[in-house]
Colleague: 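Sharing a structure here in structure tokens format.
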Amino acid sequence: MKLKQLLAWGLVLSALTPAKTMAWQGEVVVETPNTQLLLTAWEGGDLRESYYGDKSATLRELRDAGSELSFEALPAFGSVGATHLPALQVQHMDGDQNLEMQVVDYSKADNGRAVVHTFTMQDKLMPVTVKLFYKAYKHVDVIETWTEITHQEKKAITLKRFDSGHLVLRQGDVWVTHLHGNWASEAGPTQEPLTQGVKTIRNSDGARNSHLDAPELMLSLDGKPQELTGRTIGMALCWSGNFELRMNTISHKEHHIYAGIDPTASEYVLDPKQPFETPHLALAYSNEGMSGVSRIFHDWARKEGMLHRGMQTGDILLNSWEGIYLDVTEEKVIKMMDDIASFGGELFVLDDGWFGNKYPRKVDNSSLGDWVVDKQKLPNGIKALTDAARQRNIKFGIWIEPEMTNTTSELFEQHPDWVLQRPGRDLRKGRGGTQVVLDLTNPKVQDFVFGVVDNLMTQYPEIAYIKWDANASIENYGSSYLPRQKQSNIYVDYHLGLLKVLKRVREKYPNLVIQDCASGGGRANYGLLPYFDEFWVSDNTDALQRVYMQYGTSLFFPANAMAQHINHVPYWNTGKRVIPVKFRCDVAMSGRLGIELQPKDMTQEERQQCTTCFADYKQLRPIIQTGNLYRLLSPYDRKGVSSLLYADDAKNHAVLFVYKIENFYDQPLPRLRLAGLNPTKTYTLTERNIRVGEKACKLDGKQFTGRFLMDVGIEVPLWEDYASRVFELK
């Protein structure tokens, strides 16, 4: 409908606005069950954003209190003051870089699960159209926002900045929590106050965007972040490529938050009439602290399709990588199947090392792209392995890395133009000194990558699980497919090509379980998760470090998306440290449980503990993987203990994890106060995964009211180094 029709749908006329400057204003409320975003569409003018938070405010009250911020919802270069950063900037065909956007249309559509608000804006001079969308979910407190840009100029224009969204907040004691890490040390939270000036968080890996900095953050509006209390906003950019999150705190009482694709080397050349849609930016608000925002994101992921697995739970698996690495043989693989079946496991995954004909995959410097079975290692092929798995009543999975190739491969020999490369320059190579990235801007390469999955599933339909890896950055900035004038589209078009492939895979194989792996947690993002069932949190499975990494990852991602495996000790990256098998089991149990070692090398104690762990986990799995998370004690608070709890929606059933992560003589440990329970109900505690050879602790079988557990708390026995406990509460 046209803007003058806004009055017809019951919007309020503002008597406070002088008639000489504005005849009327149309107010739009974008709302979820408990939150709202308040917008104003000005006649013949721009779209303005005034408030985001709970439903305790109206625009009239904000104006009366002098608290209305009223800033451009999508600030464009050429229409905002020099002190403000633009969210949108284009270069027109004549070189002009200005945009003056005015709203010309508004519509609202209800699809049953969400309401989508669409504002159409046009530049006052040039034929450039920007649609700004807000999608408000009806059953979860998430609002997504994104833009679609089109134009009808005679020649291509260049998108110099194209953020997905912008949020303006009242300046105050606002802290930001963002995730930083590296390979094998992912997802460490950094917490700091927003001070004057510009703070930028970005990632420029090209192929992966969750190593180093991640595309999510939380904003705590009431000072230093708290887990269970305080007004908190969460933001997640649903994109798998380079990104940039910017926070601009200026002297006019505002924090401006921007999120979008990083424009560095990514100025996008857009042809006439070609639509360009930016990634979705997901927003969540809670007055129950960081855990409150986490629960909203987890609920959104599982129930609204951001996680392909949804509310389903994942199987207990054994992955072959840290057990045999590339030394794959049929005998070793089948023996590992025997072991995982004997523990009560449900799935065996054959990792790297099974493929290659002319160039067998004996080390990691060859064969990627040649997805044929190495008959020297597996003389009876994959079919013998799927048969063996079925005979042992377990499922079978396999590893691939379809976006990459090695220069030592038949694929590269046949199609050297299929890799991203800089014309006239030497190839920069990654892992093994030979790994390069395929050019997914090319439709032929997209067909090939889809064919890797399609051929495997056609030949071996019993494959139940695929581990999809990506172990390389984009080091060669050049495409043989894209024309010269569109080389700057590479970083964006690579990921748009990847999405096309994944959509094809999911359309044909909707029930195939696929893990998203990228040198560990390099692709833990909501841009790809709708096409995957889970992701590999980290290549580092050391249980102590996993307590920290899994805590950070849980800020935004649900437990059934987080693959967590029991490892061997001593571990490759922690010297001579030996962590008890019970601690290793208890840490891995808090997500999707698996095992990553050579079972034949396990001690009898380790085998018994894993068997107990698997049996208990099967009973607790629905609560752990799909329950509501309450982080009780952060490992980063240095209190010697870390703890988390999962509870069902009815607050009848919960699982509590407690880990002792620091060890000192006469160490004072905190009394543990729980959360997420019903204060009027009485709960019975049952200890699970009891250490082999020991009895349950003194809390086993005791009953407490929810009020006591949350207000007073319990003293959890944690006497030894790396002590840990798991309790079921009913």
Side-chain angles (χ1 to χ4, degrees), residues 181 184-188 210 294 298 301 307 309 312-319 321-323 340 343 345-347 349 351 397 465 467 513 515-524 529 532-569 571 573-574 579-597 606 609-610 613-614 616-618 620-627 629 631 635 642-646 655-659 661 688-689 722 724 726:
S185 61
E186 289 89 339
S210 299
S294 297
H298 299 173
L307 169 66
R309 176 173 284 150
Q312 297 177 358
T313 58
D315 292 326
I316 302 171
L317 65 83
L318 167 62
N319 183 283
W321 178 244
E322 292 188 8
I340 188 62
F343 295 156
E346 300 157 319
L347 168 67
V349 179
D351 210 286
Y465 179 105
K467 179 179 178 180
V513 177
Q515 182 189 81
D516 170 10
C517 180
S519 299
R523 279 183 170 172
L529 205 53
F532 289 88
D533 298 87
E534 64 180 31
F535 57 84
W536 186 221
V537 174
S538 176
D539 281 345
N540 184 349
T541 56
D542 173 74
L544 180 59
Q545 195 155 356
R546 273 294 187 119
V547 169
Y548 291 82
M549 292 188 291
Q550 291 168 191
Y551 170 89
T553 304
S554 76
L555 291 180
F556 287 92
F557 299 102
N560 61 336
M562 294 168 58
Q564 304 179 178
H565 293 182
I566 302 163
N567 72 318
H568 62 275
V569 293
Y571 198 54
N573 66 344
T574 52
I579 296 177
V581 63
K582 173 172 163 51
F583 188 97
R584 288 180 273 150
C585 288
D586 290 351
V587 171
M589 284 178 72
S590 65
R592 198 277 292 139
L593 175 64
I595 188 168
E596 188 103 5
L597 47 73
E606 288 175 325
Q609 193 71 61
C610 285
C613 170
F614 286 12
D616 281 354
Y617 182 78
K618 289 177 181 178
L620 305 176
R621 175 164 48 190
I623 303 300
I624 295 170
Q625 291 199 25
T626 66
L629 172 64
R631 289 182 297 270
S642 180
S643 181
L644 62 153
L645 177 144
Y646 293 100
V655 181
L656 171 67
F657 294 91
V658 190
Y659 311 115
I661 55 177
R688 292 289 200 164
N689 194 35
Y722 305 117
S724 60
V726 179

Colleague: Looking at I566 and A588, what are the two nearest heavy atoms and their distance?
Modeller: CG1-CB, 3.8 Å
Colleague: Does any non-hydrogen side-chain atom of D533 lie less than 4.5 Å from one of L307?
Modeller: no
Colleague: Under a 4.5 Å cut-off applied to non-hydrogen side-chain atoms, are T553 and L555 in contact?
Modeller: no
Colleague: Are L656 and V726 side-chain neighbours, meaning at least one heavy-atom pair lies under 4.5 Å?
Modeller: no
Colleague: Is there a donor-acceptor contact under 3.5 Å from the side chain of N540 to the main chain of D542?
Modeller: yes
Colleague: For this output row, return yes or no: ring centroids of F535 and F557 closer than 6.0 angstrom.
Modeller: yes
Colleague: Would you say that E534 contacts D516 through its side chain, given a criterion of any heavy-atom pair below 4.5 Å between the two side chains?
Modeller: no
Colleague: Just by distance, no angles: are the side chains of N689 and D616 close enough, under 3.5 Å, to form a donor-acceptor pair?
Modeller: no
Colleague: Which atom names give the shortest non-hydrogen contact between Q564 and G591, and what distance separates them?
Modeller: NE2-N, 2.9 Å
Colleague: Please give me the minimum heavy-atom distance between E606 and V569, naming the atom from each residue.
Modeller: OE2-CG2, 4.4 Å
Colleague: Under a plain distance cut-off of 3.5 Å, with no hydrogens placed, do H565 and R592 share a side-chain donor-acceptor pair?
Modeller: yes
Colleague: Answer yes when R546 and E596 have at least one side-chain N-carboxylate O distance shorter than 4.0 Å, and no when they do not.
Modeller: no
Colleague: Are side-chain N/O atoms of T541 and Y571 paired as donor and acceptor at under 3.5 Å?
Modeller: yes
Colleague: Are the side chains of F614 and I340 in touch, meaning some heavy atoms are under 4.5 Å apart?
Modeller: yes
Colleague: So, taking the atom named NZ in K467 and the one named CH2 in W536, what distance separates them when rounded to the nearest 0.5 Å?
Modeller: 6.5 Å
Colleague: Checking the side chain of Y659 only, and the main-chain atoms of A543 only, is there a donor and an acceptor separated by less than 3.5 Å?
Modeller: no
Colleague: For the side chain of R631 and the backbone of S554, is there at least one donor-acceptor N/O pair under 3.5 Å apart?
Modeller: yes
Colleague: Is a donor from one side chain sitting under 3.5 angstrom from an acceptor on the other, for S185 and Q545?
Modeller: no
